[in-house]
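See structure below.
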There are 2 protein chains.
Amino acid sequence: MESMANGVTTQTLTEVVADHLRRLIHLGEVGPGDRLPAERELAEQLGIARLSLREALKTLQNDGYVEVRRGARGGTYVTELEVPVARWRARMRTVSGEFDDIIDFRIGLETETARLAAARRAPEDLAAVRATIEDLTVAHDRTAFRLADSRFHASLARAARSSRLGAAVESTRAELFNTHDLLPFIDPVQESVDDHETVFRAVEKGDVDAAAAAMRDHIEHTRTQLRAIVFATEPPSPESFGTTVS
Amino acid sequence: MESMANGVTTQTLTEVVADHLRRLIHLGEVGPGDRLPAERELAEQLGIARLSLREALKTLQNDGYVEVRRGARGGTYVTELEVPVARWRARMRTVSGEFDDIIDFRIGLETETARLAAARRAPEDLAAVRATIEDLTVAHDRTAFRLADSRFHASLARAARSSRLGAAVESTRAELFNTHDLLPFIDPVQESVDDHETVFRAVEKGDVDAAAAAMRDHIEHTRTQLRAIVFATEPPSPESFGTTVS
DNA sequence: TACAAAGGTACAAGGTCTATACCTTGCACC
DNA sequence: GGTGCAAGGTATAGACCTTGTACCTTTGTA
């Protein structure tokens, strides 16, 4: 019965809430400069006591995700995320194999998502995916690009009619940090837009193998870009996004 | 900020422990007739108080997973799982799309696992996979078959050098319940052995596409078999496994 | 300068987990 | 058929976590 010799523990509410909020930041649902709802309000939204939320915010504050200001214009604001990004880079460099492990996992999830989307696409799904690509094309700042990119993958998962794939894709994106906040140049952004279009056309045609292959290529591009960022000698500078930083 | 309007909660230790044990049963790590360690011992292994464990066992007892006997030959024994299996079947029939959703997810995970295993296999990985197939071939009762099957997929994930894929494969197998406890006839078992061998040969040759395709076929066979079981008019009878029931 | 909107602090009530001690059941063996 | 003993069954006190409520402090702005 050696198989059950693991330790089991519970997370405190504080930890759960901190994870939840961190995840929203990683996913780009809220980004640098954004203000979270007031503590009392957010606590009510989440269905928890204010103290529990406050402790979670304290954790995020210590980890450099948010800063808290008091007074009339006060509130909890998402930072530029320099500290968390630096930590994430350090971890990806240090923990051997983790970086590629995450990318490999994403490839498995997203190629199958693309394949199913190509097989099952309905007209309204295609329209939704196309809309996210248009958003991506006209995105002029990090926030817009980030959201459009998230929505592309989410709408594809919806077209694939697979809730588990969709959820896993989202989790994995969260683990990879919100990558487009790191991309320093316009070129990989343009490449990314092209990739998305290639995937979309294959899905539109209903060509399952082409859709899977295009998605695989896209994520391999991501792997290359991210690897360059993670293992670069100079840290990335958020200001150098494209030419029109907000 | 509507994106954060979800409720967050903690699980009690009791719930965590119950989930943990249920998972072990679903995965077949412990099967019908097996006795769990004594409460005091198991509590210590898990690093929790005995009362917390007892409450978890109470839950499993109510759900029909285990029965508790007192006295010298007392202890906690895994049942024949008739009640949980019946509930699982009912759920798969009722919740529209969930059955196929799980299978689709498995296909994404396991085809990529097979692909990576074929690309990265080392001699000792191949030996480990081959050993599980031999165990499978000579398995004469449900327990042996179940464990060998679990180990096949686990050893393949190890050959693929992807811990995330391995973990996700295992989680998904747990969600599908331990399927071979349900299989009523010897034929699908033989088919399953053949499938495993086909996957293995492709992995051995290093043919990534063939490995992925063979795995896809295997899981599609599983889909067909399970669908028959889930939507059968008569409930499955555990006694009819092969010809040599333990 | 006073107000309002936000965060900061304090505290009591209730729930959960742990540790420990002790009771009860019932097979095995003399 | 009684006794040992390995299990499960029960009770309780203390530590810790979560909640709800009330009140204080900071700071921009009218």
Side-chain angles (χ1 to χ4, degrees), chain A residues 1-2 4-21 24-25 30 33-79, chain B residues 1-2 4-22 25 30 33-79:
Chain A
M1 236 27 59
E2 67 299 333
M4 15 188 87
N6 312 308
V8 281
T9 355
T10 52
Q11 288 184 305
T12 65
L13 226 208
T14 298
E15 290 164 347
V16 173
V17 173
D19 288 348
H20 176 72
L21 295 176
L24 291 180
I25 295 176
V30 291
D34 289 354
R35 211 200 72 171
L36 303 187
E39 290 185 353
R40 291 173 170 84
E41 199 180 327
L42 184 50
E44 195 181 5
Q45 283 181 17
L46 296 171
I48 60 175
R50 194 177 155 215
L51 183 56
S52 309
L53 172 60
R54 283 182 53 67
E55 284 175 4
L57 291 177
K58 189 80 178 179
T59 305
L60 294 187
Q61 209 177 346
N62 290 334
D63 291 350
Y65 281 88
V66 299
E67 55 191 0
V68 171
R69 295 204 277 276
R70 294 175 67 166
R73 282 281 171 88
T76 308
Y77 293 82
V78 179
T79 68
Chain B
M1 238 17 69
E2 68 300 330
M4 18 188 84
N6 312 308
V8 280
T9 356
T10 53
Q11 288 184 304
T12 65
L13 228 207
T14 298
E15 289 164 348
V16 173
V17 174
D19 288 349
H20 175 73
L21 296 176
R22 222 191 325 260
I25 295 175
V30 291
D34 290 353
R35 209 200 75 171
L36 303 188
E39 288 184 355
R40 295 175 225 280
E41 199 182 329
L42 184 50
E44 194 181 5
Q45 282 180 18
L46 296 171
I48 59 174
R50 195 177 154 214
L51 184 57
S52 309
L53 172 60
R54 282 181 55 67
E55 283 175 3
L57 291 176
K58 191 79 178 181
T59 305
L60 294 188
Q61 210 178 344
N62 289 335
D63 291 351
Y65 281 88
V66 300
E67 55 190 1
V68 172
R69 296 205 275 276
R70 297 175 64 168
R73 282 282 171 86
T76 309
Y77 293 82
V78 178
T79 67

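A, B, ... follow the sequence lines: proteins, then strands. Residue 1 opens every chain.
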Show me the donor-acceptor pairs within less than 3.5 Å that the side chains of residues 47-54 of chain A make with the rest of the protein, sequence neighbours left out.
residue: A/R50; atom: NE; partner: A/E39; partner atom: OE1; Å: 3.2
residue: A/R50; atom: NH2; partner: A/E39; partner atom: OE1; Å: 3.2
residue: A/R54; atom: NH1; partner: A/E39; partner atom: OE1; Å: 3.2
residue: A/R54; atom: NH1; partner: A/E39; partner atom: OE2; Å: 3.0

Worksheet entry | Worked check of side chain to side chain contact (heavy atoms under 4.5 Å, CB included) between B/D34 and B/I25 | CA-CA 10 Å; B/D34 290 353; B/I25 295 175; over 6 Å; no
Worksheet entry | Whole angstrom value for the distance that separates P of D/dT19 from CZ of A/R54 | 15 Å
Worksheet item: Do the side chain of A/R69 and the base of D/dT27 come within less than 3.5 angstrom through a donor-acceptor pair of N or O atoms?
Response: no
Worksheet item: Just to confirm, is there a sub-4.0 Å distance from OP1 or OP2 of C/dA5 to any side-chain nitrogen or oxygen of A/R73?
Response: no
Discussion item. Measuring only between side-chain heavy atoms, which start at C-beta, is B/E41 closer than 4.5 Å to B/E44?
Written reply: no
Quick one: which protein N/O atoms are closer than 3.5 Å to N/O atoms of nucleotides 15-21 of chain C? Pair and distance per line, please.
residue: C/dC17; atom: OP1; partner: B/L13; partner atom: N; Å: 2.4
residue: C/dT18; atom: OP2; partner: B/A49; partner atom: N; Å: 3.2
residue: C/dT18; atom: OP2; partner: B/S52; partner atom: OG; Å: 2.7

Discussion item. Just the rounded figure in Å: distance from P of C/dA6 to CG of A/L53.
Written reply: 14 Å
Worksheet, complete the sentence: In whole angstroms, the gap separating C1' of C/dC27 from CZ of B/R70 amounts to 14 Å
Discussion item. More than 12 heavy atoms of other residues, nucleotides or ligands under 6.0 Å from CD of A/E55: yes or no?
Written reply: yes
Worksheet item: How close or far is atom P of D/dT18 from atom CD of A/E15, stated in whole angstroms?
Response: 8 Å
Worksheet item: How many Å lie between OH on A/Y77 and P on D/dG28, as a whole number?
Response: 11 Å
Worksheet entry | Residue pair B/V16 / A/T9, side-chain heavy-atom distance below 4.5 Å | no
Worksheet entry | A/R35 CZ to C/dG7 C1', straight-line distance once rounded to whole Å | 11 Å
Discussion item. Could you check whether any side-chain heavy atom of A/R69 comes within less than 4.5 Å of a side-chain heavy atom of A/T76, counting everything from C-beta outward?
Written reply: no
